[in-house]
Amino acid sequence: MPIRPEEALANMIDSLPAKTGKSLDEWRALISAKGIQKHGEIMAFLKGEHGISHGFANQIALRSKAEEPTHEDPIQAVFAKRPVAKEIYDALMARVQEFGDDVDVAPKKGYVSLRRSKQFAIMQPAADRLDVGINLKGVCSTERLEPSGSFNAMLSNRVRVKSAAEIDSELLSWLKQAYEQS
């Protein structure tokens with residue numbers, strides 16, 4: 001399975017000492033001692049005075065003032081203000097997990113991505129529903145399976161689910177087909 005972007009960034013940060021000679025904390029201390037705060041200034045300092053490559057310099061600069069990560073459940077964070085969507089999400093995920101043990105659940109800031117070898121669906125909370133984005137190739141839209149439009153350009157369709165009772169064989173078959181295509 002391909003490495004997720006979050007894992008690639010974590011690997012990059014872990015490799016800082018070997019690639020740059022200093023850990024992230026050491027770079028933070030050096031930047032702080034220099035008294036620079038703007039991203040561009042930090043980049044110029046790291047690249048110009050320390051010969052750090054652009055990619056590593058960018059990640060150090062982005063994290064130079066970053067707070068330590070919280071240990072909040074990322075799924076809870078996505079659904080914190082959307083209890084209706086969370087209830088639907090829980091019911092739907094119980095069914096999606098039956099597709100196989102290779103369903104990768106990847107929470108993002110405002111939605112949850114479902115992946116296999118690539119993303120096949122997302123679940124995004126809305127005020128009174130859960131929007132389920134599905135990546136289906138060759139399936140015609142219906143009144144319920146609408147084109148994704150501006151919802152998400154990486155997916156072909158969207159289904160607006162207003163209650164757990166709307167999790168039916170039709171919705172599950174679309175999700176299963178997208179899972180199998182991924």
Side-chain angles (χ1 to χ4, degrees), residues 1-86 88-90 92-93 96 102-135 147-158 178 182:
M1 182 178 282
I3 295 177
R4 292 181 12 200
E6 302 85 19
E7 294 168 344
L9 287 175
N11 291 342
M12 187 178 203
I13 297 303
D14 290 344
S15 71
L16 274 173
K19 300 286 186 176
T20 69
K22 293 179 178 37
S23 70
L24 180 58
D25 288 336
E26 291 171 314
W27 284 116
R28 283 179 175 162
L30 198 59
I31 292 165
S32 178
K34 184 79 172 168
I36 53 178
Q37 295 182 7
K38 292 183 179 179
H39 186 86
E41 293 172 336
I42 295 169
M43 291 285 292
F45 168 68
L46 294 171
K47 291 169 72 174
E49 293 186 32
H50 294 279
I52 304 296
S53 70
H54 181 83
F56 280 103
N58 188 50
Q59 290 307 313
I60 294 167
L62 287 171
R63 289 165 174 70
S64 65
K65 294 186 290 179
E67 298 176 15
E68 290 301 311
T70 65
H71 297 290
E72 176 184 22
D73 177 1
I75 301 286
Q76 291 300 332
V78 170
F79 293 97
K81 296 179 182 175
R82 306 283 193 224
V84 170
K86 177 67 163 85
I88 299 165
Y89 168 83
D90 289 339
L92 186 53
M93 281 307 299
V96 169
D102 59 347
V103 174
D104 180 26
V105 179
K108 307 299 181 194
K109 189 170 185 167
Y111 64 93
V112 176
S113 174
L114 302 180
R115 300 171 42 103
R116 193 173 184 198
S117 59
K118 61 182 182 176
Q119 179 173 271
F120 67 90
I122 68 166
M123 298 189 190
Q124 183 172 333
D128 62 343
R129 67 181 187 273
L130 179 69
D131 284 338
V132 180
I134 307 172
N135 197 12
S148 66
S150 62
F151 169 68
N152 188 312
M154 295 183 68
L155 301 162
S156 59
N157 300 88
R158 168 175 58 175
S182 68

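Keep in mind the model is a prediction, meaning the values are calculated, not measured.
F56 has its side chain out of reach of I13: every pair of non-hydrogen atoms, C-beta onward, lies at least 4.5 Å apart. Side chains of V105 and I75 form a contact here, defined as non-hydrogen atoms less than 4.5 Å apart. Contact annotation: the side chain of D131 approaches that of F151 to within less than 4.5 Å [non-hydrogen atoms, C-beta and beyond]. Proximity of M43 to I60: side-chain heavy atoms (C-beta onward) are nowhere separated by under 4.5 Å. Between V96 and L114 there is a side-chain heavy-atom pair separated by less than 4.5 Å. Between M93 and M123 there is a side-chain heavy-atom pair separated by less than 4.5 Å. When side chains are defined from C-beta on, K22 counts as touching L30, because their heavy atoms get closer than 4.5 Å. Residues V132 and L92 are in side-chain contact: their nearest non-hydrogen atoms beyond the backbone lie under 4.5 Å apart.
Nearest heavy-atom pair, K47 versus A57, reported as atom, atom and distance to 0.1 Å: CG-CB, 3.8 Å. In this structure, G110 and P125 approach most closely via the heavy-atom pair O-CD, 3.4 Å. Across all non-hydrogen atoms, the minimal contact from S182 to S117 is C-OG, 3.1 Å. Scanning both residues, G21 and E26, for their nearest heavy atoms gives O-OE1, 4.4 Å. In terms of heavy atoms, A106 sits closest to R115 at CB-CD, 4.5 Å. Nearest approach of K108 to V78, heavy atoms of both residues: O-CG2, 3.2 Å.
Here the CD1-CG distance, from I31 to L46, works out to 4.5 Å after rounding to the nearest 0.5 Å. A distance of 13.0 Å separates CG of D14 from NZ of K19, quoted to the nearest 0.5 Å.
A donor-acceptor pair shorter than 3.5 Å cannot be found between the side chains of S64 and W27.
Using the six-membered ring where Trp is involved, Y89 and F79 have ring planes that are tilted, between 30° and 60° apart.
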When you look at L16 and S23, which way does the side chain to side chain contact (heavy atoms under 4.5 Å, CB included) test go after all the steps?
-> CA-CA 6 Å; L16 274 173; S23 70; 5.8 Å; no
Apply side chain to side chain contact (heavy atoms under 4.5 Å, CB included) to I134 and R158, showing your working.
-> CA-CA 6 Å; I134 307 172; R158 168 175 58 175; over 6 Å; no
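A distance-only check finds no donor-acceptor pair linking the side chain of S32 to the backbone of R28 [under 3.5 Å]. Not a single donor-acceptor pair under 3.5 Å links the side chain of T20 to the backbone N or O of I52. For S148 (side chain) and N152 (main-chain N/O), a donor-acceptor pair under 3.5 Å exists by modelled atom type.
Salt-bridge check for K34 with E41: failed, with every basic side-chain N at 4.0 Å or more from each acidic carboxylate O.
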